[in-house]
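Here the structure comes first, spelled out in C-alpha cells, and everything after it is commentary.
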Protein chains: 2
Amino acid sequence: MEIPTESAAQRRFDQKAEQILTGATQIFLQRGYERASMDKVAKASGVSKQTLYSHFADKEALFVALVDKMSRRRLEEAFGSAPLKGEPKAVLSQLARTTLTQLSADEDYHDFVRLMIAESKRFPGLVEKFMLNVTRPSLLKLTEFLSSPDLNIEDPEATAHVLLGAVVFFMLTQEIMPGKAVIPMEADRLATALVALL
Amino acid sequence: MEIPTESAAQRRFDQKAEQILTGATQIFLQRGYERASMDKVAKASGVSKQTLYSHFADKEALFVALVDKMSRRRLEEAFGSAPLKGEPKAVLSQLARTTLTQLSADEDYHDFVRLMIAESKRFPGLVEKFMLNVTRPSLLKLTEFLSSPDLNIEDPEATAHVLLGAVVFFMLTQEIMPGKAVIPMEADRLATALVALL
DNA sequence: GTCTATACCCCGATAGAC
DNA sequence: GTCTATCGGGGTATAGAC
C-alpha cells in the first residue's frame, strides 16, 4: 500500500521520467549512443537539462533505463503472437511469415538492434541482459516447437538457431543494413525456402 | 609507366599511408567511429597529426580508406578457401565447419562487422559497398553450389540466405555480441544441423 | 523543482617553426 | 614534410537564480 499523501507527487515524478525516456529513445535510436547528446535529449523530452539529471544520474544510467524499457516492450510483442498449435509445418510457415513481416515493419526495433550491436563492446552486461530477455525466450519457444515428434528433428536447439538466424539475417541485411539493393530477398521466398528444408 | 625519379618518394608516401591505415584500423576497430580520435590514431600510427592530415583529408576519408582495405582483405581470405568440388553434402559439411571456425577466430573481423552495422545509418553508401564486395560474392558462390541437381533445391538463392544467415547469426551472437553465456551453441552442432536440413 | 549560465574537458582541424 | 601549439566548437555535468 502506498502512502496517499506522496502518491500524487510520485505519480508526477514517474510520469516525467517516462516523458524523458520517450524523448531519449527517439534521440538514442536515431543517432546512436555517442552522437546522442544530453542537450538533444532534454530538448526532445521538453524538459531542462537539470530536470534530466535529477531523474537520471548520468548518460549511462539513462541508457540502461532505455534498454530495459525497449527490451520489455519487445518481449511483450513477441509473446503476444501465435499460439503455435496445429499441423507443425503449416504453423511454422505462418509463424515465419508473421515474424518476418512484423520485424520488417518495426523501424524502431531495427534501430534498437543496431544500437545493441554497436554498443556490445562498451556495454556487454547490458547487451547480455537484452539477449537473455529477448533473444533467449524466442529460441526456447522455437526449440520447444521444433521438438514435435512429427518433425523428427535430431537437434531441435541447433535447428532453432538456424531458423532464427535466417530471420535475423534477413532483417539485418534488408532493413538494418542498406542491403536491399545489393542482395535483395523477399520475405515470402525466404519463408517458403525455410519450410521446405524441414 | 611511372617516372623513375618520383618512384622512391612515392614509395615512401604510400608506405606511410599504409602505416597510418594500420594504426587507424587498430583504433577504429577497438573503439568504433565516434570514440576513435585523430589524436589516438596519430599516436597508434607513430606519426604526427599533421602527417596524418597530409595523407587523408579528414576523419571520414580515413574511414573510407580503412573500410576499403578491410573489405579487400576479407574478400581475399574468403575466396582463397575450398574449391567446392565433390559429393555436395560432404563438401557443404566441410565448408560449414571451415567457415564457422575461420569466422569464430577472426576477432578483427568481428570488430569490423560490428563497426559496419553500427555505422550503417551514418555511412550507408560505404556499408553498401562492403556488402557488395564481401557479402554478395559469398551468397553468389553458395547459390551456385546449392543449384547442384543432386541437392534438388527449389530456390537455391533463398536457401543460400538461410545458410549464410545461420552462419552470420552464430558469429553475431557468439562472438560479436556477448551471447556465449546466454544462448550457447557449438559450431559443430550447428554445422551438423545445417547439413541435416538439406 | 525547474531554468539559465558556465566550468572543464576533449574533439577535429590548422598555423607556424624548423 | 614533419613536429608542437593552438583555435573554435560541442560534450557532460554542475552551480546559482528563482
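We name chains A, B, ... by the order of the sequence lines, and we start the count at 1 in each one.
- For the salt bridge (Lys or Arg N to Asp or Glu O under 4.0 Å) test, residues two or more places apart in sequence or in another chain that qualify with A:Glu18 are A:Lys69.
- Note on B:Lys16: every side-chain N or O is 4.0 Å or more away from OP1 and OP2 of D:dG1.
- Remark: C1' of D:dG1 and CG of B:Leu52 are 14 Å apart, rounded to the nearest angstrom.
- The side chain to side chain contact (heavy atoms under 4.5 Å, CB included) test applied to A:Thr99 returns A:Leu95, A:Leu103, A:Val167, not counting sequence neighbours.
- With sequence neighbours excluded, the residues that form a salt bridge (Lys or Arg N to Asp or Glu O under 4.0 Å) with B:Lys180 are B:Glu175.
- Nucleic acid contact class of A:Thr51 (heavy atoms, under 4.0 Å, all strands): sugar-phosphate only.
- In this structure, B:Lys59 contributes its side chain and B:Tyr33 its backbone to a donor-acceptor pair below 3.5 Å.
- The distance between atom CD1 of B:Ile27 and atom C1' of C:dC11, rounded to the nearest whole Å, is 15 Å.
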Per-nucleotide protein contact string for nucleotides 5-18 of chain D (B base, S sugar-phosphate only, - none; heavy atom under 4.0 Å): ------SBBBBB--

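- Each salt bridge (Lys or Arg N to Asp or Glu O under 4.0 Å) pair with one or both residues in residues 128-138 of chain A, not counting sequence neighbours, appears once here: A:Asp68-A:Lys129.
- For residues 86-104 of chain A, the set of pairs meeting the salt bridge (Lys or Arg N to Asp or Glu O under 4.0 Å) definition, not counting sequence neighbours, comprises A:Arg97-A:Asp188.
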